[in-house]
Amino acid sequence: QVQLVESGGGLVQAGGSLRLSCAASGRTFGAYVMGWFRQAPGKEREFVAAITRNPLNTYYADSVKGRFTISTDNAKNTVYLQMNSLKAEDTAAYYCAAGGARYNSGDAYSKPGPYAYWGQGTQVTVSS
C-alpha cells in the first residue's frame with residue numbers, strides 16, 4: 001500500500017503561483033509513476049502532469065504546458081507541482097496519484113487506469 005497526502009493548495013490571484021506537494025509513505029518503491037489530476041465542480045477528473053522514475057520522464061496536459069512543472073525529491077518521497085501563471089480555469093481540487101505499472105506509451109499515464117493509489121486532494125482556487 002502507498003499512502004499519499006497532498007498539501008499546498010489555497011487561494012491565489014490570477015497570474016500568481018502555488019506549489020503543491022504530495023508526500024508518499026508505505027511501499028513507495030512500488031510507485032513507478034506519480035501523477036497529478038484535477039477536478040472542477042461539475043466536471044470530470046482530468047490529467048495534469050505525471051513523472052516516471054528510471055527513466056525520468058515527465059508528461060503534461062496541453063492546458064498546463066509551459067506553466068506547470070512536476071518534479072520529485074526521492075529522498076523525501078515527495079512529488080511537487082509548481083504552478084505558475086495561474087488562471088481562473090485552473091481552479092479545482094488537485095489529486096496526487098501513484099501507480100506501479102509501466103507502459104511503452106506516455107499517453108497511458110494521462111488516464112486514471114495506471115494509478116492504484118490516490119490522495120484526498122487539495123483545493124486550488126484562482127480568483128480573476
How long is the straight-line distance from [atom2] of [Y] back to [atom1] of [X], given to the nearest 0.5 Å?
| X | Y | atom1 | atom2 | answer |
| --- | --- | --- | --- | --- |
| Glu46 | Gln39 | CD | CD | 9.5 Å |
| Ser21 | Gln82 | OG | CD | 9.5 Å |
| Leu86 | Ser128 | CG | OG | 12.5 Å |
| Thr69 | Leu81 | OG1 | CG | 8.0 Å |
| Gln120 | Ser7 | CD | OG | 13.5 Å |
| Glu6 | Tyr95 | CD | OH | 8.5 Å |

| message | Check this for me, if you would: do Lys65 and Asp62 make a salt bridge, where the nitrogen-to-carboxylate-oxygen distance has to be below 4.0 angstrom? | response | yes
| request: Check whether more than 12 heavy atoms from other residues, nucleotides or ligands sit under 6.0 Å from atom CZ of Arg53, and answer yes or no. | output: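 Yes, enclosed.
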Identify the two heavy atoms, one from [X] and one from [Y], that lie closest to each other, and give their separation to 0.1 Å.
| X | Y | answer |
| --- | --- | --- |
| Asn84 | Ser17 | OD1-OG, 2.9 Å |
| Ala50 | Val33 | CB-CG2, 4.2 Å |
| Ser85 | Asp90 | O-OD2, 4.4 Å |

| Expected output: side-chain Thr52 to main-chain Asn57 donor-acceptor under 3.5 Å | yes
| So, the side chain of Thr28 versus the backbone of Ser25: is there a donor-acceptor pair under 3.5 Å, distance only? |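 Pair absent, no side-chain N/O of Thr28 close to backbone of Ser25.
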| task | Please assess Met83 against Val12 for the test side chain to side chain contact (heavy atoms under 4.5 Å, CB included), listing each intermediate value before the final yes or no. | result | CA-CA 11 Å; Met83 305 186 295; Val12 64; over 6 Å; no
| query | Do the rings of Tyr59 and Tyr109 sit parallel, tilted or perpendicular, given the 30° and 60° boundaries? | reply | tilted
| query | Which one of Asp73, Leu20, Thr72 satisfies the side chain to side chain contact (heavy atoms under 4.5 Å, CB included) criterion with Tyr80? | reply | Asp73
| query | Only one of Asn77, Val2, Leu4 forms a side chain to side chain contact (heavy atoms under 4.5 Å, CB included) with Met34, so which one is it? | reply | Leu4
| request: Would you sort out whether Gln123 and Thr91 count as a side chain to side chain contact (heavy atoms under 4.5 Å, CB included), showing the intermediate values? | output: CA-CA 8 Å; Gln123 179 67 35; Thr91 295; 4.0 Å; yes
Out of curiosity, does [Y] fall in the hydrophobic cluster containing [X] (side-chain heavy atoms, cut-off under 4.5 Å, transitive links)?
| X | Y | answer |
| --- | --- | --- |
| Phe47 | Phe68 | no |
| Tyr94 | Leu18 | yes |
| Val79 | Tyr32 | no |
| Tyr103 | Tyr60 | no |

| task | Run the numbers on Trp118 and Cys96 for side chain to side chain contact (heavy atoms under 4.5 Å, CB included), then give the verdict. | result | CA-CA 6 Å; Trp118 293 81; Cys96 177; over 6 Å; no
| Chi angles and distances behind the side chain to side chain contact (heavy atoms under 4.5 Å, CB included) call for Phe37, Tyr115 | CA-CA 11 Å; Phe37 287 73; Tyr115 302 92; 3.5 Å; yes
